[in-house]
J.: 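I have a structure here, written as structure tokens, and I will follow up with some questions on it.
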Amino acid sequence: MTGARDPEEIQAEIEATRAKLSRTVDELSARLDVPSRARERAYRVRDTAVETYRESPPAVIGAAVALVGLVAGVVILRRKRAERRAHTRRKR
């Protein structure tokens, strides 16, 4: 059995526990706020891209051109495959 405790000591312990619980709830709320986290991530990615562009514009432009070319290639390839499938089905 513990001895009698000072009411001020008990009150201080209660306040410390409340503060800790409040921090935990705030942290969990921040983790569960998916839209806010996604927005924050998008801002970081944008800032990184802008910073990279400022440091080396030709590299960023080259990467953008390569990405556009890749996407165009994929679109063209998918359309050709779809046309071949449609043409094969018509022959049957």
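In this chain, residues are counted from 1 in sequence order. The structure displayed is predicted, hence computed values, not measured ones.
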J.: With sequence neighbours left out, what residues match Glu8 under salt bridge (charged side-chain N to carboxylate O under 4.0 Å, His left out)?
T.: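 By the salt bridge (charged side-chain N to carboxylate O under 4.0 Å, His left out) rule, Glu8 matches no residue at all.
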J.: Rounded to the nearest 0.5 Å, what separates atom CD in Glu27 from atom CG in Leu32?
T.: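 These two atoms lie 10.5 Å from each other.
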J.: Passes salt bridge (Lys or Arg N to Asp or Glu O under 4.0 Å), Glu51 versus Arg54? Steps please.
T.: CA-CA 5 Å; Glu51 197 174 305; Arg54 287 182 181 152; over 6 Å; no
J.: Using atom types as modelled and distance alone, determine if a side-chain donor or acceptor of Arg37 lies under 3.5 Å from a backbone N or O of Arg31.
T.: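 It does hold such a pair.
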J.: With sequence neighbours excluded, tell me which residues meet side chain to side chain contact (heavy atoms under 4.5 Å, CB included) with Val68.
T.: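 In terms of side chain to side chain contact (heavy atoms under 4.5 Å, CB included), with neighbours along the sequence ignored, Val68 is linked to no residue.
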J.: Enter the distance from Ser22:OG to Asp26:CG here, rounded to the nearest 0.5 Å.
T.: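 Rounded to the nearest 0.5 Å, the OG-CG separation comes out at 4.5 Å.
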J.: Hey, could you give me the OG1/CZ distance between Thr48 and Arg44, rounded to the nearest 0.5 Å?
T.: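 Interatomic distance, Thr48 OG1 to Arg44 CZ, rounded to 0.5 Å: 8.5 Å.
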J.: Let me confirm one number: the CG-OG1 distance from Asp47 to Thr52, rounded to the nearest 0.5 Å.
T.: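 It is 10.5 Å, given to the nearest 0.5 Å.
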